[in-house]
Enquirer: 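Sharing a structure, written as structure tokens. Questions coming.
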Protein chains: 2
Amino acid sequence: MIDVKQLKYFVTIAEEGQITKAAQKLHIAQPPLSQQLKQLEEELGVPLFDRKAKKMELTAPGKAFYEKAKRLLAQLDDAVAEVKEIEEGTAGTLSIGCVKSCFYYLAQAIRHFHEQAPNVTFHLREGDTFSICQLLYERRIDIGIVRLPIDSADYDVIRLPGERYVGVLPAQWKTGQPSLCMRDFADWPLLLLHRVHGAGQYERVIEECRRHGFEPNVLCECPDATILLSLVAQGLGATIVPQSTVALFRLPGIKVLEIIDSSMTAEAAAILDRQRYLPKSARTFLDVLQTVAARAAGEQHEER
Amino acid sequence: MIDVKQLKYFVTIAEEGQITKAAQKLHIAQPPLSQQLKQLEEELGVPLFDRKAKKMELTAPGKAFYEKAKRLLAQLDDAVAEVKEIEEGTAGTLSIGCVKSCFYYLAQAIRHFHEQAPNVTFHLREGDTFSICQLLYERRIDIGIVRLPIDSADYDVIRLPGERYVGVLPAQWKTGQPSLCMRDFADWPLLLLHRVHGAGQYERVIEECRRHGFEPNVLCECPDATILLSLVAQGLGATIVPQSTVALFRLPGIKVLEIIDSSMTAEAAAILDRQRYLPKSARTFLDVLQTVAARAAGEQHEER
DNA sequence: TTGCTTCCATATCTTTTTCGTATAGGATGG
DNA sequence: CCATCCTATACGAAAAAGATATGGAAGCAA
């Protein structure tokens with residue numbers, strides 16, 4: 001079976017014009033090189049060189065094979081380099097699925113990661129937590145970014161720092177203070193994020209309202225943060241969302257106010273298929289994501 | 001060092017989806033295949049598969065490498081096939097240098113050879129015997145076709161059948177008989193082939209004239225048969241050339257007559273660089289050339 | 001859950017291949 | 001004609017690849 005080693009040997013001999021010099025260049029002794037060449041010629045069934053007294057000269061088939069061999073070796077090197085680049089995360093594609101309320105993290109992370117690894121391209125998918133998990137299971141995405149809680153049986157869950165919820169009101173609404181209490185929401189129609197499948201933030205917010213002694217008036221539930229916020233901008237009602245959600249989708253016509261008497265935190269996480277090999281680009285991206293999330297959490301504390 | 005064998009193994013595993021089946025297909029045991037794969041992954045520094053319970057699944061770098069590897073293996077096969085084709089003479093290029101007075105042989109040989117090996121292309125060079133030898137020495141041509149005698153020290157000489165000389169006269173010249181004697185040339189201005197370097201047919205014809213008791217009146221000597229014959233066609237004089245020479249360059253305005261009282265033969269030969277590997281196409285071509293020359297000689301005898 | 005099956009990984013031994021040293025043979029040039 | 005340079009062959013040593021035996025994890029069925 002023809003071997004890469006034989007190709008390298010052959011190419012070197014062809015370029016050096018003699019076996020002895022080629023052997024030196026290859027850091028092997030001369031006899032084995034003679035043998036390898038002989039073996040290659042036998043495998044091909046074709047003499048590759050005319051053995052002249054002072055120099056080996058390529059035959060017609062030899063010339064043709066030299067060109068091919070050189071090309072093949074170069075392509076092999078390329079292939080190896082590319083594989084390593086993909087592994088190192090300096091090239092390749094990263095597929096990420098993200099719930100909309102976490103796009104702020106994602107956008108920041110992509111921006112920072114792109115500075116480190118400009119050759120990595122992204123495929124983004126959007127959906128609610130359930131569908132993101134589904135995509136991950138189907139291997140359509142490498143990383144999912146979702147809101148907790150989730151059923152974590154099949155995934156590695158990398159928790160991101162929790163963040164506070166904020167109240168979002170139509171800009172024209174009058175409020176006495178520059179901040180809100182949970183009790184304020186008792187009188188307003190509420191628009192809330194709600195997963196299509198399973199329990200999540202929605203249930204948590206309802207729970208919090210009840211803890212503050214009122215049953216919320218939920219006008220609309222919707223799984224998509226941008227739709228929700230645009231409805232708020234239309235003046236339909238107020239909503240309670242994680243802070244980062246409005247950091248990205250800060251539409252005109254809404255105002256964002258702190259809720260001072262609630263310690264609810266929205267938790268997000270990056271999730272991974274446990275059984276799957278993760279390219280280094282993905283691992284690096286996760287680091288970046290965590291850094292971004294941590295900084296966002298820090299800023300939040302400062303504001304407070 | 002990455003090995004073709006490893007690539008084949010890897011591709012097979014990738015296609016079979018599991019090591020055990022791949023090992024069966026490759027006719028080796030399973031453990032060595034596991035080891036080879038492991039080794040390849042170590043050399044690349046990248047895991048190529050996710051080991052899942054029931055099937056091996058390619059990682060992102062693995063997918064990329066699979067495509068490259070498959071392509072490389074195909075190209076290697078192509079390269080080997082091409083080299084063998086060139087060796088077998090079913091492809092490649094054949095460079096031939098030929099003196100003009102032998103082009104008849106060459107044309108016939110090329111025509112027949114082309115039927116056998118339509119993928120072989122030709123590079124033709126023309127010159128006198130000396131320059132053809134020179135081209136062969138410089139490896140600009142694979143085969144030379146020349147008139148004897150030559151200095152045969154450095155070449156393998158493959159003699160072609162000898163052929164008779166014929167007299168060529170301007171068409172308008174009146175001759176009593178349908179054939180000629182050497183003596184007839186005593187009265188005519190002669191145009192003769194003459195090598196630029198060294199001795200050859202010219203000297204032989206002069207010698208033959210003297211043997212017949214006259215000193216030829218050489219009006220013009222010239223190394224190129226077509227020029228010579230066109231001068232004859234212009235009525236400038238007569239010439240004596242090998243029969244095959246006029247067989248190809250039968251210009252209007254000349255007539256060809258047998259010389260009945262001379263047994264001079266013109267000898268041609270194919271010559272080869274002794275120290276050089278000869279592709280099979282060249283060897284096959286030589287066979288065809290000899291067949292063609294032999295048949296030409298046969299026809300000549302019949303005519304006679 | 002238990003037991004069975006399937007498949008990958010590891011360990012060890014055997015065989016094959018490859019390499020290095022020593023040496024012979026052929027061509028070239030002074 | 002000898003010295004030199006290069007290639008080819010012979011043979012022992014080292015390295016690599018393969019086969020067999022075995023262990024362990026995961027799926028599947030009872």
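Side-chain atoms are counted along with the backbone in the values below, which use heavy atoms only and exclude waters and symmetry mates. Throughout, protein chains are lettered first and strands after them, A, B, ... in sequence-line order, and every chain is numbered starting at 1.
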Enquirer: I'd like to check the ring-ring contact (aromatic ring centres under 6.0 Å, His included) partners of F103(A); sequence neighbours left out, ordered by chain and number.
Expert: none
Enquirer: How does protein contact run along nucleotides 8-21 of chain D, one letter per nucleotide 5' to 3', with B for base contact, S for sugar-phosphate only, - for none, heavy atoms under 4.0 Å?
Expert: BB-------SSBBB
Enquirer: Compute the angle between the rotation axes at the two ends of the helix from dT1(C)-dA30(D) to dG30(C)-dC1(D), each taken over five pairs, rounded to 10 degrees.
Expert: 30°
Enquirer: Once you round it to whole Å, what is the distance between P of dC5(D) and CD of Q24(A)?
Expert: 12 Å
Enquirer: Report all side-chain donor-acceptor pairs from residues 62-72 of chain B shorter than 3.5 Å, counting only partners two or more places apart or in another chain.
Expert:
residue, atom, partner, partner atom, Å
Y66(B), OH, E15(B), OE2, 2.7
Y66(B), OH, K70(B), NZ, 3.4
K68(B), NZ, E82(A), OE1, 3.2

Enquirer: What integer distance in Å separates I13(B):CD1 from dC7(C):P?
Expert: 14 Å
Enquirer: Taking atom C1' of dT7(D) as reference, at what distance in whole Å does atom CD of E57(A) sit?
Expert: 16 Å
Enquirer: Excluding sequence neighbours, so at least two apart, what forms side-chain contact (heavy atoms from CB on, under 4.5 Å) with A29(B)?
Expert: P31(B), P32(B)
Enquirer: So do the side chains of V120(B) and T93(B) get within less than 4.5 Å of each other, counting heavy atoms only?
Expert: no
Enquirer: Can you measure L40(A) atom CG to dT17(C) atom P for me and round it to whole angstrom units?
Expert: 16 Å
Enquirer: According to salt bridge (charged side-chain N to carboxylate O under 4.0 Å, His left out), who are the partners of R125(A), at least two apart in sequence or on a separate chain?
Expert: none
Enquirer: Enumerate the residue pairs fulfilling ring pair (Phe, Tyr, Trp, His ring centres under 6.0 Å) with a member in residues 127-147 of chain A, sequence neighbours excluded, ordered by first and then second residue.
Expert: F130(A)-H197(A)
Enquirer: Would you mind reading off the distance between E43(A) atom CD and dT17(C) atom C1', rounded to a whole angstrom?
Expert: 12 Å
Enquirer: Pairs under 3.5 angstrom only: tabulate donor-acceptor contacts from the side chains of residues 278-292 of chain B to other protein residues two or more places apart or in another chain.
Expert:
residue, atom, partner, partner atom, Å
R283(B), NH1, L278(B), O, 2.3
T284(B), OG1, K280(B), O, 2.9
T291(B), OG1, D287(B), O, 2.9

Enquirer: Kindly list each side-chain donor-acceptor pair under 3.5 angstrom involving residues 35-43 of chain B, sequence neighbours excluded, with atom names and distances?
Expert:
residue, atom, partner, partner atom, Å
E41(B), OE1, R51(B), NH1, 3.2
E41(B), OE1, R51(B), NH2, 3.1
E41(B), OE2, L48(B), N, 2.7
E41(B), OE2, F49(B), N, 3.3
E41(B), OE2, R51(B), NH1, 2.8
E43(B), OE1, Q6(B), NE2, 3.2
E43(B), OE2, M1(B), N, 3.1

Enquirer: Determine the contact category for T20(A): base if any of its heavy atoms lies under 4.0 Å from a base atom, sugar-phosphate if only primed atoms, P, OP1 or OP2 are that close, otherwise nothing.
Expert: base
Enquirer: Let me know the distance between CG of L48(A) and C1' of dT7(D), rounded to the nearest Å.
Expert: 16 Å
